[in-house]
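Right, one structure below, let's go through it.
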Amino acid sequence: MPTSVELAALDRARQIALAARGDTEPNPQVGCVLLRDDVVVGEGRHAEFGGPHAEIGALAAAGEQAAGSTAVVTLEPCSTTGKTGPCCRALLAAGVVRVVVGAIDPNPAHAGRGLTLLRGSGVEVEIVDDPGCLELVERFERALARKRPHVLAKWAMSRDGGIAGPGGETVRLSGPEAEARVHRWRRALDGILVGVQTIVADDPLLTARGELPALRPLHRIVLDPTLRTPRFARVVTTAHETPTWLCARDDADEARAAEFEEQGVRVLRAPAGESWLPDVLATLRLSAIQRVMVEGGARTLAAFLEAGLVDQVAVLLSRKTLGVDAVAAVAGRTLPGDDPQALASALALHDVRTEVLGEDMLLRGERSVTD
Ligand code: AOF
Ligand code: ZN
């Protein structure tokens, strides 16, 4: 039986975990509290996708005090190496003698194995099946069952709902704090996805540029049904440094695809037709892309939103205005860029959070998706 101190620590671990909501998906939020003689000696959370696991942070915080301690974790510790890990080995190496878990990991790569491994090494294991921890895991379970990556849609928008100038020209809407945040997000992703029109109009580099090192190898993914990407676009000429994938229809020109491939670009194909976009996403998922950020443009954002393929939305609300002739941020929609609450309801968001980032406001929320 877990003790009342352990149960309180589990509650604390769950709260620590929840602070990372929005940053770890499709993976779960996980929190860990280390107790020694009923005193907290270390805490940690899985703070972002691809980053260190909760146990690793807690062990680092506890240092030598981890020896002889009890690890209270919202999720069963992982048993094999993924992007990081395995946490079981780290717990054993640090001398943890007891582990209390809030929920078993539904990931078939781990489910139950961590607990078996710990028990086999003489560690006492308690499973609580805590409703709060199970809730964290349920979201993860649904994400595991989905045949596509987790999709975060992000855009910057003027007060009057615009994303670009009247002729589609780029306007710098966001200030440096907001841009720094975007680069921080980009480092914890598998892919940045844009429509070909964004490549044609802006020729962006789509890399993560910031002070912190990237957590994942970043892929630049362009939805380009007919392979219209210019051959000298920056994403093409730098494909040897940062991978670029063009997603085309199966009837797109083969010679052109071959030219791109010679330049080091990967061309993925999906059958033309109504399910082209879901099929592209399924292909990406099979290519180990778990988390993507869709960064535009207006038609690509509209296509994802209309198809119910967006899990999370992040909008950077600018104080600038672009005028009535500007390009609407989401094609075919007039969105209120000056009213976060109205915007959240227009986009059908729940679990909405706002944050001031310098001169901009960040609005984040989740969308209910049909699985
Ligand atoms: C843990 N502690 O804090 C988390 C776990 O891709 P990776 O390496 O980040 O591994 C992700 C898998 O590990 C994820 O699918 C889930 O099964 C588990 N998450 N496990 O021991 C943690 N976040
Ligand atoms: Zn782990």
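First listed ligand is number 1; within each ligand, the first listed atom is number 1. Residue numbers count from 1 along this sequence. What you see is a predicted model; the values in this text were computed from it and never measured.
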Out of curiosity, is F49 lining ligand 1, as in a heavy atom under 4.0 Å away?
no
May I ask you to check whether C78 brings an N, O or S atom to under 2.8 Å from the Zn ion (ligand 2)?
yes
Strictly distance-based, threshold 3.5 Å: is any side-chain N or O of T321 a donor or acceptor partner for the main-chain N or O of G323?
no
No-hydrogen, no-angle side-chain donor-acceptor test under 3.5 Å, Q263 and H240
no
Look only at interatomic distance and state if P77 has a nitrogen or oxygen under 3.5 Å from any nitrogen or oxygen of ligand 1.
no
Got E48 and L215 here, is their nearest side-chain heavy-atom distance under 4.5 Å?
yes
Is there a donor-acceptor contact under 3.5 Å linking the side chains of D202 and T198?
no
Heavy-atom nearest neighbour of atom 5 (C) of ligand 1 within options H46, H53, R45:
H53
Quick one: look at E55 and ligand 1, take heavy-atom pairs under 4.0 Å, and tell me if it's side chain, backbone, both or neither.
side chain
Could you check whether T229 and D224, counting side-chain N and O atoms only, form a donor-acceptor pair closer than 3.5 Å?
yes
Just checking: H46, one of its N/O/S atoms, less than 2.8 Å away from the Zn ion (ligand 2), yes or no?
no
Proximal atoms of ligand 1 relative to C78 (non-hydrogen, under 4.0 Å):
1 (C), 20 (N), 21 (O)
Taking only heavy atoms of F140, which atoms of ligand 1 are found under 4.0 Å from at least one of them?
14 (C), 15 (O), 16 (C), 17 (O)
Which of the numbered atoms in ligand 1 are under 4.0 angstrom from any heavy atom belonging to D105?
16 (C), 17 (O), 18 (C)
Hey, is ligand 1 close enough to Q290 that some N/O pair sits below 3.5 Å?
no
At less than 4.0 angstrom from any non-hydrogen atom of L75, what atoms of ligand 1 do you find?
5 (C), 19 (N), 20 (N)
Compare every heavy atom of R36 with every heavy atom of S69, then report the nearest pair and how far apart it is.
CB-CB, 4.3 Å
For A54, the ligand 1 atoms whose distance to one of its heavy atoms is below 4.0 Å:
3 (O), 22 (C)
Using distance alone, with no hydrogens and no angle criterion, decide if T74 and R14 have a side-chain donor and acceptor under 3.5 Å apart.
no
Identify, by name, the N, O or S atom of H53 lying closest to the Zn ion (ligand 2).
ND1
State, without any angle test, whether S174 and E179 hold a side-chain donor-acceptor pair at a distance under 3.5 Å.
no
No-hydrogen, no-angle side-chain donor-acceptor test under 3.5 Å, T283 and R269
no
